[in-house]
Amino acid sequence: SMNRVQLIEAAKAAAQAQNGPELTKSMRNVASLGQPLNLEERTLFHIAYKQAASTARHELRQAPADQTKAKAVTDICGEVLDLVDKYLLPASLDPESQIFFLKLKGDYHRYYAEVAPTQAEKDCARAAYDKATALATSNLQE
């Protein structure tokens, strides 16, 4: 299996080739190593899942009653939220990184809530955004 450096290289190559599934796979593997991500790596993670989520959300909008398409959205959101909670937030040592992943967490709870509009999802989204805002306010003062 590939080491961290090889996974990042594979992710960059996939991003260049616009190979979304390969990019997502590489960044999923990087994330689950449980090590801090630098800015470039966070960006790769963000791009990987943003593309997958955008495609899935778009396809669901074309066929709102399609349960398979709905599941595609919630699966992607669930995967991101799992990686963020289990590995990425705990490994984030600096406020900038924590804020980035909290905002991401808010976004993916929001996307999840579009498909499964429960109060719990909305509350989770709001809580993540609030936490990100509070952290930004306390840490990023000049």
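For clarity, every value in this text was computed on a predicted model and none was experimentally measured.
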Check: When hydrophobic residues are tied together by side-chain contacts of less than 4.5 Å, even through go-betweens, does V80 share a cluster with Y112?
Finding: no

Check: So if you build clusters from Ile, Leu, Val, Met, Phe, Trp, Tyr with side-chain heavy-atom gaps below 4.5 Å, do Y108 and L102 land together?
Finding: yes

Notebook entry, point to check: At their closest point, which heavy atom of K69 faces which heavy atom of E59, and how far apart are they?
Noted result: CD-O, 3.3 Å

Next item on the list: Working to the nearest 0.5 Å, report the span between CD of Q35 and CZ of R4.
Entry: 5.0 Å

Notebook entry, point to check: Could you give the distance from CD1 (I47) to OG1 (T24), rounded to the nearest 0.5 Å?
Noted result: 10.5 Å

Notebook entry, point to check: Counting heavy atoms not belonging to Q18, are there more than 12 under 6.0 Å from its CD?
Noted result: no

Margin query: Let me check something: do Y111 and L81 share a hydrophobic cluster, defined by ILVMFWY side-chain heavy atoms less than 4.5 Å apart, either directly or through other members?
Written below: yes

Margin query: Testing the basics here: between D66 and L60, what is the closest heavy-atom pair and its distance to 0.1 Å?
Written below: O-CD1, 3.8 Å

Notebook entry, point to check: How many angstroms lie between atom OG1 of T133 and atom CZ of R126, to the nearest 0.5 angstrom?
Noted result: 7.5 Å

Item checked: Q62 atom CD: more than 12 heavy-atom contacts under 6.0 Å -> yes

Checklist line | Non-hydrogen atoms of P90 and V84 that approach each other most closely | finding: CD-O, 3.6 Å

Next item on the list: Report the relative orientation of the aromatic rings in F45 and Y49; use parallel for angles under 30°, tilted for 30 to 60°, perpendicular for over 60°.
Entry: tilted

Next item on the list: To the nearest 0.5 Å, tell me how far Q98 CD sits from L93 CG.
Entry: 7.5 Å

Next item on the list: Answer yes if L37 and L104 sit in the same cluster of Ile, Leu, Val, Met, Phe, Trp and Tyr residues linked by side chain heavy atoms under 4.5 Å apart, and no otherwise.
Entry: yes

Checklist line | Nearest atoms (heavy-atom pairs only) where A31 meets Y87 | finding: O-CB, 3.2 Å

Notebook entry, point to check: What distance separates K105 NZ from H109 NE2, expressed to the nearest 0.5 Å?
Noted result: 5.0 Å

Checklist line | Flag side-chain contact, heavy atom, 4.5 Å: K12 against E40 | finding: yes

Checklist line | Spatial distance of atom CG (L23) from atom CG (L44) [nearest 0.5 Å] | finding: 6.0 Å

Item checked: Test item: N139 side-chain N/O and L135 main-chain N/O as donor-acceptor pair under 3.5 Å -> yes

Check: For the side chain of Y129 and the backbone of D107, is there at least one donor-acceptor N/O pair under 3.5 Å apart?
Finding: yes

Next item on the list: Return the minimal non-hydrogen interatomic distance between K103 and A132, and the atom names on each side.
Entry: N-CB, 4.2 Å

Notebook entry, point to check: Which atom pair, heavy atoms only, marks the closest approach of E121 to A116?
Noted result: CG-O, 3.9 Å

Notebook entry, point to check: Are L83 and V73 in one and the same hydrophobic cluster, where Ile, Leu, Val, Met, Phe, Trp and Tyr link if side-chain heavy atoms are under 4.5 Å apart?
Noted result: no

Next item on the list: Give a yes or no on whether the backbone of K71 and the side-chain of T74 come within a donor-acceptor separation of less than 3.5 Å.
Entry: yes

